Amino acid sequence: MKFEALKLIDPILHAVRSQGYEVPTPIQAQSIPLILDRKDVLACAQTGTGKTAAFALPILQLLTEGKPPHPGRRDIRVLVLTPTRELASQIAENFSEYGKKLPFRTAVVFGGVNQNSQIRTLNQGVDILIATPGRLLDLMQQNQVQLRGLQILVLDEADRMLDMGFIHDVRRIISRIPHSRQTLFFSATMPPEIRKLSEQILKNPVRIEVTPVASTVEKIEQLVYHVESRQKVPLLIHLLKNPKILRALVFTRTKRDANRVSEALNHSGIRANAIHGNKSQAARERALESIKKGECRVLVATDIAARGIDIDHVTHVFNHDIPNISESYVHRIGRTARAGTEGSAFSFCASNERTFLLNIERLIRKKITVITTPEKLENEVRSPKKNHRPSHEKRHQPKKNSKGSVKIRPHSRSSG
Ligand code: AMP
C-alpha cells in the first residue's frame with residue numbers, strides 16, 4: 001500500500017516523502033482511514049511501530065479540513081498527553097515536520113523546566129498542544145491554558161502513564177475538557193486499569209492491534225548471558241568492542257547504575273553518555289544529540305528516561321539488568337529493529353534476576369536463547385580476586401582480547 005491510497009492531502013504526502021517514508025506501517029495503514037473518518041480509536045501498539053505518524057498525519061488533515069470552533073481565534077484544538085518530556089518533544093517535532101506546509105502552531109509543555117516561556121507560547125495561540133500530565137494540570141489550575149475549543153484528544157503510551165503514576169492527573173484533565181470530541185487511545189499493553197479508562201473515555205471505539213506484545217519482539221534477535229552481577233560491566237565492555245554494534249542503548253534499573261556503567265565505559269575507551277531523571281534537560285538533550293550525530297555510539301539509560309526518546313538505527317539493546325516489570329523488557333528491546341530494520345538484544349541475567357527472566361519469557365511466549373559467557377569472564381568468576389570492589393570499578397582498562405575482536409553470537413546462529 002502507498003500513502004497516496006490513504007487519501008492524504010498533498011502537503012502531508014509531501015512531508016511524508018521528505019521524511020523518506022515509502023509505505024505506511026501497519027498501524028498507519030489501519031488507523032489513518034479511521035481517524036480521518038472521525039472514529040474514536042483504541043490502538044494497541046508500542047513505540048517503534050510508527051504510531052506517532054499514525055495519529056499525527058490524519059490529525060493534521062482533520063485540522064485542515066475542519067473549522068476552528070471560534071472563528072478569528074486560535075484555540076487549542078488538539079491535545080496529546082504523553083508520559084515523558086522526551087516523548088513530548090519528539091511528538092511536537094514530528095507534528096512540526098509533518099505539518100511544515102500547513103499553518104498550524106504546535107507547542108509542548110512539560111515539567112522540570114520553568115513554565116514562563118511555555119505560558120508565553122500558549123498566549124501567542126496554539127493549535128496543537130503536546131503535554132505531560134503534571135505540568136498541564138498545573139497550568140490548567142493556574143488558568144494559563146484554555147481547552148474549551150478542544151476537538152481531538154490523544155492519549156499516548158497510556159500504560160506508561162499508569163506505571164509512572166500519572167493516571168489520576170490524566171483523569172482530572174479529561175474531566176475538564178469538552179465531552180464532545182474525538183479520542184485516540186494508544187497503549188503498548190492493556191492492564192485492567194488502562195482498559196477501564198479506555199472504556200470510560202472512548203465512544204464506540206474501533207480497536208486496532210497491530211503488534212500484540214507476544215509478537216512484537218519476534219524480529220529482534222534476543223540472547224541472554226547468565227552472569228554474576230560483577231561480571232556485567234566487563235562483559236558489556238567486551239561485547240561493545242564488536243564493530244558491528246553501530247549504535248547501542250544500554251538499560252540499567254537505577255540512575256546510579258546508569259552513571260556507573262557510563263563512567264566505566266568511558267574509562268575503558270568507549271564513549272558513552274548516561275541519561276536519567278536526575279540529569280538536567282540540557283544534559284539529556286546533549287546526550288541525545290551526541291548519539292544522533294554519531295559522536296558516540298552508546299547511550300546508557302534508565303527505563304523512564306529512555307521512554308519516548310527517538311533514536312533511529314539502534315542496532316543493539318543491552319539489558320544490564322533484567323527488568324522486574326516484564327513489559328519494560330518489551331519496551332526496551334523495541335528500541336532496536338524499528339521501522340523494519342534488524343536488531344539484537346542482549347540481556348545480562350544475574351542469579352537473583354532469574355525469576356524476572358522467566359516472567360518475561362512467559363509474557364513474550366518465547367525462550368530467550370542462552371549464550372555462553374566468554375571464557376575470559378568465566379575465569380574471573382572461578383578465581384575471584386581478593387579485592388571485592390565491583391570489577392568495573394577496578395578494571396577500567398579491559399584486558400586485550402587475543403584476537404583483537406569478539407565473537408558475540410552463538411555458533412549456531414547467523415551473524416547478520
Ligand atoms: P514511532 O513508533 O512513532 O516512535 O516511530 C518509530 C520510527 O519509525 C520513527 O523514527 C519514525 O520516523 C519512523 N517511521 C514512522 N513511519 C514510518 C514509515 N511509514 N516508514 C518508515 N519509517 C517510519
Side-chain angles (χ1 to χ4, degrees), residues 46-48 82-91 93 108 110-114 132-135 156-157 159-166 188 229 232-233 235-237 240 245 247-268 270-293 295-312 314 316-336 345-348 350 353 356 390 392-393 396:
Q46 66 167 50
T47 283
T82 192
T84 67
R85 45 190 173 181
E86 283 82 11
L87 198 48
S89 305
Q90 193 63 53
I91 295 171
E93 211 174 280
V108 56
F110 48 70
V113 291
N114 188 294
T132 55
R135 172 57 59 92
D156 185 43
E157 312 239 348
D159 53 348
R160 186 54 79 165
M161 291 205 262
L162 174 72
D163 288 351
M164 292 173 68
F166 296 152
S229 295
K232 289 183 172 183
V233 171
L235 176 60
L236 182 64
I237 291 170
L240 282 172
I245 300 174
R247 193 169 276 184
L249 275 181
V250 178
F251 286 93
T252 62
R253 187 171 305 126
T254 65
K255 298 170 196 167
R256 199 163 147 252
D257 278 343
N259 284 338
R260 276 208 317 227
V261 170
S262 159
E263 277 164 25
L265 293 179
N266 281 300
H267 275 105
S268 74
I270 298 167
R271 250 187 100 180
N273 287 306
I275 179 168
H276 54 67
N278 286 357
K279 296 265 178 184
S280 68
Q281 181 68 9
R284 288 163 178 237
E285 277 165 15
R286 271 199 308 278
L288 283 181
E289 274 307 294
S290 175
I291 192 159
K292 282 185 180 176
K293 284 191 190 148
E295 291 166 357
C296 74
R297 59 186 180 116
V298 185
L299 185 66
V300 187
T302 55
D303 286 300
I304 288 177
R307 191 72 183 164
I309 57 175
D310 186 24
I311 305 171
D312 288 335
V314 172
H316 291 73
V317 166
F318 292 91
N319 292 312
H320 173 271
D321 307 296
I322 307 292
N324 54 347
I325 299 165
S326 306
E327 277 86 359
S328 295
Y329 175 83
V330 179
H331 288 303
R332 286 179 176 192
I333 72 167
R335 310 319 302 259
T336 182
F346 293 86
S347 300
F348 300 170
E353 295 173 309
F356 303 153
H392 62 272
E393 284 179 16
H396 290 320

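The structure displayed is predicted, hence computed values, not measured ones. Computed over heavy atoms, backbone and side chain alike; hydrogens, waters and symmetry mates excluded.
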Practice task
Using the test side chain to side chain donor-acceptor pair (under 3.5 Å), find all partners of R297 that sit at least two apart in sequence or belong to another chain.
Solution key: none

Exercise for the section: State, to 0.1 Å, how close F356 and R253 come at their nearest heavy-atom pair, and which atoms those are. Expected result: CE1-NH2, 3.8 Å

Practice task
Tell me, with the steps shown, if D303 and F251 meet side chain to side chain contact (heavy atoms under 4.5 Å, CB included).
Solution key: CA-CA 7 Å; D303 286 300; F251 286 93; 4.0 Å; yes

Completion exercise
Residue set satisfying side-chain contact (heavy atoms from CB on, under 4.5 Å) with R271, at least two apart, ordered chain then number -> N266, S290, E295, C296

Exercise for the section: List for me each residue that meets side-chain contact (heavy atoms from CB on, under 4.5 Å) alongside R85, sequence neighbours excluded, and say none if there are none. Expected result: F110, Q281, R284

Completion exercise
Heavy atoms of A248 and I291 approach each other most closely as O-CD1, 3.9 Å

Problem - Pairwise side-chain contact, F346 with L235, heavy-atom cut-off 4.5 Å (strictly under) - result: no

Handout entry: Beyond-backbone contact of H320 with S229, side-chain heavy atoms, under 4.5 angstrom
Key = no

Exercise for the section: Using side chain to side chain donor-acceptor pair (under 3.5 Å) as the criterion, list what pairs up with N319, not counting sequence neighbours. Expected result: R332, S347

Practice task
Give the minimum heavy-atom separation between A264 and V233, together with the two atoms involved.
Solution key: CB-CG1, 3.6 Å

Problem - Passing option when V298 is tested against L249, V250, N273, I245 for side-chain contact (heavy atoms from CB on, under 4.5 Å) - result: V250

Exercise for the section: Under the side chain to side chain contact (heavy atoms under 4.5 Å, CB included) rule, what do D159 and H331 come out as? Steps first, then yes or no, please. Expected result: CA-CA 11 Å; D159 53 348; H331 288 303; 3.8 Å; yes

Problem - Minimum-distance pair of heavy atoms, taken over all atoms of P133 and T82 - result: CD-O, 3.5 Å

Completion exercise
Smallest heavy-atom separation, V108 atom then S89 atom, equals CG2-N, 4.1 Å

Completion exercise
Correct closest heavy-atom pair for T254 and D257 would be OG1-N, 3.0 Å

Exercise for the section: Could you tell me which residues satisfy side-chain contact (heavy atoms from CB on, under 4.5 Å) with N259, sequence neighbours excluded, listed by chain and number? Expected result: E263, A274, H276, K279

Problem - Residue list, side chain to side chain donor-acceptor pair (under 3.5 Å) with D321, at least two apart or on another chain - result: none

